[in-house]
Peer 1: 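So that we are looking at the same thing, I have put the structure below in structure tokens.
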Amino acid sequence: MLFFTRARPLFNKTLVSAYNFSTSARQLKDIRNVTVIGAGLMGSGIVQVAAQADYKVTMVDTTEAALENGQKIIGNSIKRVARKKFPEDEAQQQAFIDKALSNISTSTDAVKTIGNTDLVVEAIVENIDAKQALFKSLDAVADKDTIFCTNTSSLPVTKIAEATSPERRQRFAGLHFFNPVPAMKLVEIVRTEAVTDPVYEDLVAFTKKTGKTPVECKDTPGFIVNRLLIPYMMEAFRILERGEASAKDIDTAMKLGAGMPMGPLELSDFVGLDTLKFIVDGWAKEGSLDDAYVKPCAILDELISQGHYGRKSGRGVFDYSK
Ligand code: 3HC
């Protein structure tokens, strides 16, 4: 199942920008070529939705194995999207899949691929040093107009951008997608103080073209969604810890009583218990939220210490091994 092109795709002159602003007045940059760095669950999802929207996308990771894993995630997900789009027509499903996949190239060298890129979206490990090192190396070689974005869920975008030049910081924003990327309709566009209006408008246009709805947020801890969602998930663990309700009943209550698609504990397993703890501990360290929201939780810590990270490890609060 090797459907990804290895060489960079040719520049497609027929692609048009998704917006109608006067370029002379606004000097907007047409986004055509996108590089996504990190081929994990989030990165591959971003690659997929951009390719489906007819952007030329290069998926970058450090090893061939990581790229193959990203391709596998995309291959499975895009079949679901195609079936949903064309439920009655297998030929149209296949044509949709083939077209999207033909927009994707892969590379293990971010610096080499960056030259022809209009937009970089980084989705690597949540480590500020790693992100800063990556962006520093890219800033040195990228076109001056290239827009840099991070998909960080918990680190300050302004701080990551400090690894780049003051000029680049005007073109450096957060672009926060949600898991599973092909299904979740929101993107948070995190505007730092430095981001200019045309860059923001470019990102709005890009986001909309991928079929998502953008919301604008300031560079504050958790932006909008995680600022509300993470304390909510942590409170579910505290109810469990105090023995006030069972895990199953907590989730049933929120699904049936509040219309949530998943209960808070299943959602925690879905996001990853290690990720949840990483975000909470980071906020505790920075002193960004009230202590009540970020204080340690013994049940969560114990599950993690036993290697139960949630769905990805086959067990978290719930058992997924079957
Ligand atoms: N690829 C493509 N499509 C997918 C998909 C995937 N990986 N996963 C789900 N879908 C689509 C399905 O095709 C289906 O479409 P349809 O209903 O229009 O036919 C739809 O999504 C629902 O999927 P399913 O019927 O298979 O399953 P569910 O109805 O149980 O929905 C779910 C699955 C979309 C994951 C739903 O349970 C949900 O919305 N859960 C909450 C997810 C959430 O809150 N995510 C945000 C997490 S926080 C985060 O990401 C931030 C980070 O920074 C921590």
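One-based numbering, in listed order, for ligands and for the atoms of each. Predicted model only: the values in this text are computed from it and were never measured. Numbers here are sequence positions counted from 1. Side chains are part of it too, since the values below use all heavy atoms of this structure and drop only hydrogens, waters and symmetry mates.
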Peer 1: If the threshold is 4.0 Å, N to carboxylate O, is there a salt bridge linking K131 and E162?
Peer 2: no

Peer 1: At a 4.0 Å threshold, what atoms of ligand 1 neighbour a non-hydrogen atom of A183?
Peer 2: 4 (C), 9 (C), 10 (N), 11 (C), 21 (O)

Peer 1: I'd like to know if D197 and R191 make a salt bridge, using a cut-off of under 4.0 Å between side-chain N and carboxylate O.
Peer 2: yes

Peer 1: Taking D319 first and then R315, would you say they form a salt bridge - that is, a charged N and a carboxylate O separated by under 4.0 Å?
Peer 2: no

Peer 1: Any cation-pi pair here, R227 with Y293, using under 6.0 Å and within 45°?
Peer 2: yes

Peer 1: Look at the rings of F148 and F172 and say which category their plane angle falls in: under 30° parallel, 30 to 60° tilted, over 60° perpendicular.
Peer 2: perpendicular

Peer 1: For the residue pair Y320 and D269, confirm or rule out a side-chain donor-acceptor distance under 3.5 Å.
Peer 2: yes

Peer 1: Considering only protein heavy atoms, determine whether one is less than 4.0 Å from atom 17 (O) of ligand 1.
Peer 2: no

Peer 1: So, regarding N179 and ligand 1 (criterion: nitrogen or oxygen to nitrogen or oxygen, under 3.5 Å), is there a contact or not?
Peer 2: yes

Peer 1: Which residue and atom name correspond to the protein heavy atom nearest atom 7 (N) of ligand 1, and how close is it?
Peer 2: P180 CB, 3.7 Å

Peer 1: For I46 and N151, work out which heavy atoms get closest and say how close.
Peer 2: CD1-CG, 4.0 Å

Peer 1: Can you list the atoms of ligand 1 that are under 4.0 Å from a heavy atom of L229?
Peer 2: 48 (S)

Peer 1: Of the listed options (M260, R80, R83), which comes nearest to atom 12 (C) of ligand 1 when hydrogens are ignored and any heavy atom counts?
Peer 2: R80

Peer 1: With a 4.5 Å limit on heavy-atom distance, are the side chains of N179 and V271 in contact?
Peer 2: no

Peer 1: Within ligand 1, which atoms have a heavy atom of S153 less than 4.0 Å away?
Peer 2: 53 (O)

Peer 1: Less than 4.0 Å from atom 51 (C) of ligand 1, is there any heavy atom belonging to the protein?
Peer 2: yes

Peer 1: Look at atom 2 (C) of ligand 1 and say which protein heavy atom is nearest, naming residue and atom and giving the distance to 0.1 Å.
Peer 2: S77 OG, 3.2 Å

Peer 1: In the protein, what heavy atom is nearest to atom 36 (C) of ligand 1, and what distance, to one decimal place, separates them?
Peer 2: P261 CB, 4.0 Å

Peer 1: Right, does atom 23 (O) of ligand 1 have protein non-hydrogen atoms nearer than 4.0 Å?
Peer 2: yes

Peer 1: Distance below 4.0 Å between atom 28 (P) of ligand 1 and any protein heavy atom?
Peer 2: no

Peer 1: Relative to the heavy atoms of V81, which atoms of ligand 1 are at a distance of less than 4.0 Å?
Peer 2: 2 (C)

Peer 1: Are a donor atom and an acceptor atom from the side chains of K56 and N33 found within less than 3.5 Å of each other?
Peer 2: no

Peer 1: Is there a protein heavy atom less than 4.0 Å away from atom 33 (C) of ligand 1?
Peer 2: no

Peer 1: For F178, take its heavy atoms, then give the atoms of ligand 1 lying under 4.0 Å from any of them.
Peer 2: 49 (C), 50 (O), 51 (C)

Peer 1: Between T108 and E64, does a side-chain hydrogen bond (donor to acceptor under 3.5 Å, both in side chains) hold up when you go through it step by step?
Peer 2: CA-CA 7 Å; T108 52; E64 290 294 341; 4.6 Å; no

Peer 1: With a cut-off of 4.0 Å, which atoms of ligand 1 are near a heavy atom of P182?
Peer 2: 1 (N), 2 (C)

Peer 1: Any protein heavy-atom neighbour for atom 10 (N) of ligand 1 (distance below 4.0 angstrom)?
Peer 2: yes

Peer 1: Under a 3.5 Å cutoff, is there a donor and acceptor pairing between the side chains of D89 and Q93?
Peer 2: no

Peer 1: Which one of L267, I279, V271 has a non-hydrogen atom at the shortest distance from atom 44 (O) of ligand 1?
Peer 2: L267

Peer 1: Is there a protein heavy atom less than 4.0 Å away from atom 20 (C) of ligand 1?
Peer 2: no

Peer 1: Would you call D139 and R168 a salt bridge, taking side-chain N to carboxylate O under 4.0 Å as the test?
Peer 2: yes

